[in-house]
S.K.: 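Supplied in C-alpha cells, the structure appears directly below.
Each chain gets a letter, A, B and so on, in the order its sequence line appears, and its residues count up from 1.
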Amino acid sequence: MSLKHATTLIKSLCARGVVRHARAVFDEMPDRDVVAWTAMLSGYASSGCHREALDVFRRMLAAGVVPNEFTLSSVLTACRGGGGAALIHAVAVMRGVDHMPYVVNALIDAYASHGDGLVDARRLFEALGGRRTAASWTSMIAGYVRWGQENTGLQLFQNIIQDDVELSPFTCSIAIHACASVGNLCFGQQIHVLSIRKALGVNLAVANSLVDMYCICESILEARRLFDEMPERNLVTWNTIIAGSSRCDPLMAMQLLVDMNLEPNCLTLTSITSACAGLAALRCGQQVHGAVLRRNYGDDLKISNALVDMYSKCGSISNAKKVFNMMNCKDIVSWTSMIGGYGMNGCANEAIELFNSMVHAGVHPDHVVFMGLISACSHAGLVDEGWNLLRDAERSL
DNA sequence: TACCCCGAGA
C-alpha cells in the first residue's frame with residue numbers, strides 16, 4: 001500500500017470512530033511523512049484521546065519529522081484543558097506559522113480552555129482584527145463562558161451581531177448556553193429570533209441549547225413547544241427536555257420517556273429517577289432502579305444520589321440507606337440526600353449521627369446540609385440540637 | 001492532514 005493510500009485509510013477509519021484500527025494501519029507503515037503523522041495525531045485528538053495524540057506528537061518529533069501548521073493546530077486540540085499551549089505556541093513561532101488562521105484559532109482555543117490563559121487568548125484574538133473567523137469568536141466566547149465570565153462572553157457576542165459577522169451554529173449555541181447560565185431569558189429569546197432569521201434554528205446543537213435555556217429559565221412550556229416543532233431530535237434533545245421537565249412537571253417527564261424512540265442512557269435515567277421522587281412514585285422508582293442495575297449504571301455517582309433522594313422522598317428510608325451504603329464513592333450531594341432523607345422521614349437522631357460521620361469522613365458541610373439538619377430537628381422537636389447546629393453552621397459557613 | 005457547539009443531582 002502506498003503512503004498516500006495508507007494515509008487515506010487512516011483518515012477514513014478515524015472518521016468512522018475506529019481509531020484503534022487506524023493505529024494498526026499506522027503502525028504497519030514502513031515510512032511515514034508529516035501528513036501521515038498528522039492524520040494519526042488529529043484522529044486521536046478529535047476523538048478525545050488527548051494523551052495518545054500528544055504521545056504521537058512526541059514520537060513524531062523524536063523521528064525527526066518537522067511539524068507543519070496542520071500538525072500544530074491538531075496538537076493544540078489535544079492541549080485543551082491542560083497546559084502546553086505556550087510550548088506549542090513557541091514551536092509555531094519557530095516554524096513561522098504562528099500567524100496562519102487555523103493555528104491562531106487553535107491557539108486561542110487552547111489558551112481559553114485553561115482558566116488562566118484567557119488573557120493570552122484575548123491578546124491573540126484582538127491581534128487578529130479583521131481576520132477573525134467564526135472559530136475565533138466561538139473559542140473566545142466559549143472560554144469566557146467556561147470560566148464563569150458569561151457576561152463578558154455575551155458582550156463579545158453582541159459585537160458579532162452589531163458588526164454583522166457571519167454567525168455560526170457553534171457560536172450561537174455557546175451564547176444561548178451563556179444566557180441559560182446567567183438566567184438571561186430576554187437575551188436568550190433575542191438569540192432565538194436571530195437564529196431563526198439566520199436559518200440556524202434547524203441546527204440540532206442550536207435547537208438543543210434553546211430547549212435547555214428555556215428549561216433552565218423555567219419556561220417549560222416554551223421548551224416543550226420548541227421540542228415538538230423540532231424536525232430532528234437526538235439523545236441530547238430528549239435528555240434535555242426530560243431533565244427540564246423532571247424539575248417542574250415530573251408527569252410530563254414520565255410521558256416523554258414513554259414517547260422516546262431512542263435507548264435511554266444514564267442521564268435519562270437520572271432525570272427519570274428525580275421525576276419519580278417528585279411524584280413520590282415508589283413503584284415506578286423501583287422499576288427505574290431495576291433498569292439502572294440491568295444497564296450497569298449502578299456505580300454512577302449522580303444516579304446513585306438521585307436514587308437515595310427518590311427512596312427518601314417515597315418514604316422508603318431503608319432502601320435509601322441500602323443504596324447509600326452500597327456507594328463506594330460519595331460526594332456532598334450523597335451525604336445531603338441521605339441526611340435530608342432521614343430528616344423528612346422523622347429520623348432526626350439518625351440525621352445528626354450521619355452528619356457527624358460525614359464531618360468525620362472529612363467532608364466539609366455546606367448550607368444545604370445544615371438546612372436539612374435544622375429542618376429535621378424542628379420536625380422532631382429537638383430544640384437544643386437545632387440551636388447547637390445553627391451555631392455550628394455560623395462558625396462553619 | 002487542521003481550529004469552534006448542546007444534556008443530569010441535595
S.K.: Ignoring hydrogens, what is the shortest heavy-atom contact between P365(A) and I332(A)? Give both atom names and the distance.
M.R.: CA-CD1, 4.2 Å
S.K.: Group every Ile, Leu, Val, Met, Phe, Trp and Tyr by side-chain heavy-atom contacts under 4.5 Å, then state whether L87(A) and V75(A) land in the same group.
M.R.: no
S.K.: Distance check, rounded to the nearest 0.5 Å: S304(A) atom OG versus D309(A) atom CG?
M.R.: 12.5 Å
S.K.: Measure CE/M100(A) against C1'/dA2(B) and give the value in whole Å, please.
M.R.: 11 Å
S.K.: With hydrophobic residues grouped by side-chain heavy-atom distances under 4.5 Å, do L210(A) and F170(A) end up in a single group?
M.R.: no
S.K.: Compare the aromatic ring of Y102(A) with the six-membered base ring of dC3(B) and state whether they stack according to the 5.5 Å and 30° rule.
M.R.: no
S.K.: Can you check each nucleotide of nucleotides 4-10 of chain B against protein heavy atoms at under 4.0 Å and return B for base, S for sugar-phosphate only, - for none, in 5' to 3' order?
M.R.: BBBBBBB
S.K.: By the ring pair (Phe, Tyr, Trp, His ring centres under 6.0 Å) test, which pairs, at least two apart or in different chains, include something from residues 62-102 of chain A?
M.R.: H89(A)-Y111(A)
